[in-house]
Amino acid sequence: WCGYCKKLEATAFEDKRVLLLSEEFVSVPIDGDGGPGSELKTAYGVKGYPSIPVMTAQEEIVGRLGSYEGDTAAVYAQEMAKLLQKHSLSRLKKAAAKNDLSALAVLAAMHISLNKLNEAENALDQAAQIVEKTPAKNARLAVANIALADLYMAQRDFGGAIVMLEHALKVAEKGFLVEAQLKLGYSLLENGNKTEAIKHLTAAKESPDANDAARELATQFLDKAGA
């Protein structure tokens with residue numbers, strides 16, 4: 001019955017930044033309207049829904065994520081990133097220094113959420129250099145690259161988007177691979193490179209992992225390219 005809970009699930013929980021940052025939390029959904037949930041609701045000071053107290057393993061509450069009333073996925077991601085920056089940054093940096101690709105992806109997502117795009121790009125460039133030497137597939141890294149590319153595309157910085165999407169192609173599989181191909185094709189098209197755009201759009205359209213929406217979008221872009 002909670003409208004904002006449904007909105008949270010349909011928007012914020014589908015956002016790439018939120019999905020990546022959520023990997024650093026253990027999420028436990030609780031029904032606060034009855035049974036043990038009502039006791040936890042009282043114990044953790046929950047006064048309305050959705051309410052997401054964030055706590056340590058010792059059950060110390062270190063923050064709360066917003067009510068989502070009037071918030072956006074970007075605001076939700078920013079709140080998560082601030083908590084990680086305060087409580088997990090040192091650990092993530094140590095893992096990144098050891099060339100942990102997943103840690104670099106989470107660091108990038110954190111920086112993207114805090115609008116520190118240069119730091120995000122630095123983390124993803126470091127990851128790209130690692131993958132260049134030792135090829136590997138990594139879904140988190142693919143998502144982080146696509147998330148930054150999305151911001152660049154929104155700013156019509158297609159050159160920046162192309163770099164991130166080319167990184168994504170090297171580590172992505174299945175659905176994320178189709179998404180990267182599709183967005184790379186579009187960015188190349190907008191950047192004036194029709195030949196390469198057609199190649200990637202065709203690959204996205206013909207991929208067995210592409211859904212109907214992806215194929216339809218690829219067809220539209222191919223028509224625009226004159227293919």
Side-chain angles (χ1 to χ4, degrees), residues 12-29 52-63 65 73-153 157 159-181 183-184 187 209:
F13 287 175
E14 294 297 319
D15 184 87
K16 288 183 175 62
R17 295 160 296 188
V18 173
L19 288 172
L20 272 173
L21 297 175
S22 294
E23 297 284 345
E24 296 298 306
F25 298 85
V26 177
S27 301
V28 182
I52 307 177
V54 180
M55 63 187 72
T56 66
Q58 292 73 38
E59 297 190 28
E60 176 192 358
I61 294 179
V62 294
L65 298 179
V75 170
Y76 192 82
Q78 186 180 66
E79 290 181 354
M80 295 178 74
K82 287 179 179 177
L83 284 169
L84 284 177
Q85 186 178 48
K86 183 175 181 180
H87 298 283
S88 300
L89 183 59
S90 177
R91 175 179 56 79
L92 287 168
K93 282 186 172 181
K94 287 179 181 178
K98 296 178 181 178
N99 293 340
D100 185 316
L101 294 178
S102 293
L104 285 165
V106 173
L107 275 175
M110 186 183 74
H111 291 315
I112 292 169
S113 302
L114 297 172
N115 202 33
K116 297 179 178 180
L117 302 191
N118 287 337
E119 287 90 336
E121 190 166 330
N122 288 341
L124 294 174
D125 284 345
Q126 180 184 340
Q129 291 171 23
I130 297 166
V131 172
E132 193 69 31
K133 295 177 182 177
T134 310
K137 300 298 182 182
N138 188 292
R140 292 184 186 181
L141 196 52
V143 171
N145 277 291
I146 294 171
L148 184 53
D150 285 344
L151 289 184
Y152 286 147
M153 289 166 67
D157 177 5
I162 288 167
V163 172
M164 294 300 108
L165 291 166
E166 287 177 339
H167 289 345
L169 282 183
K170 294 179 180 179
V171 295
E173 294 182 288
K174 297 187 177 182
F176 291 132
L177 180 59
V178 172
E179 183 177 0
Q181 288 171 325
K183 290 180 175 178
L184 179 56
S187 297
D209 297 311

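- Scanning both residues, H167 and D125, for their nearest heavy atoms gives NE2-OD1, 3.4 Å.
- The salt bridge (Lys or Arg N to Asp or Glu O under 4.0 Å) contacts involving residues 130-148 comprise E23-R140, E132-K170, where partners must be two or more places apart or lie in separate chains.
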Would Q181 and L177 count as a side chain to side chain contact (heavy atoms under 4.5 Å, CB included) here? Give the steps. CA-CA 6 Å; Q181 288 171 325; L177 180 59; 4.1 Å; yes
Evaluate K16 against L20 for side chain to side chain contact (heavy atoms under 4.5 Å, CB included), listing each step before the verdict.
CA-CA 6 Å; K16 288 183 175 62; L20 272 173; 5.8 Å; no
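- Every residue meeting the side-chain hydrogen bond (donor to acceptor under 3.5 Å, both in side chains) condition with E24, not counting sequence neighbours, appears here in chain and number order: R91.
- Residues L84 and L89 are not in side-chain contact: their nearest non-hydrogen atoms beyond the backbone lie 4.5 Å or more apart.
- Of the inter-residue distances, the one linking L165 atom CG with L148 atom CG reads 9.0 Å to the nearest 0.5 angstrom.
- Put simply, the side chain of L141 reaches to within 4.5 Å of the side chain of L124, judged on heavy atoms.
- Scanning all heavy atoms of the two residues, the minimum distance from A73 to V18 falls at O-CG2, 4.0 Å.
- In terms of heavy-atom proximity, F176 sits nearest to I146 at O-CD1, 3.8 Å.
- When side chains are defined from C-beta on, V143 does not count as touching L19, because their heavy atoms never get closer than 4.5 Å.
- The two residues L114 and A81 have their closest heavy-atom pair at CG-CB, 3.8 Å.
- For S113 against R17, the heavy-atom pair with the smallest separation is OG-CB, 3.6 Å.
- With values rounded to the nearest 0.5 angstrom, M164 atom CE is found 11.5 Å from L151 atom CG.
- Residues V54 and I61 form no side-chain contact, since every pair of their non-hydrogen atoms from C-beta on lies 4.5 Å or further apart.
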With a 3.5 Å cut-off and sequence neighbours excluded, list the donor-acceptor pairs that the side chains of residues 93-112 form with protein atoms.
residue	atom	partner	partner atom	Å
D100	OD1	S102	N	3.0
D100	OD1	A103	N	3.0
S102	OG	N138	ND2	3.4

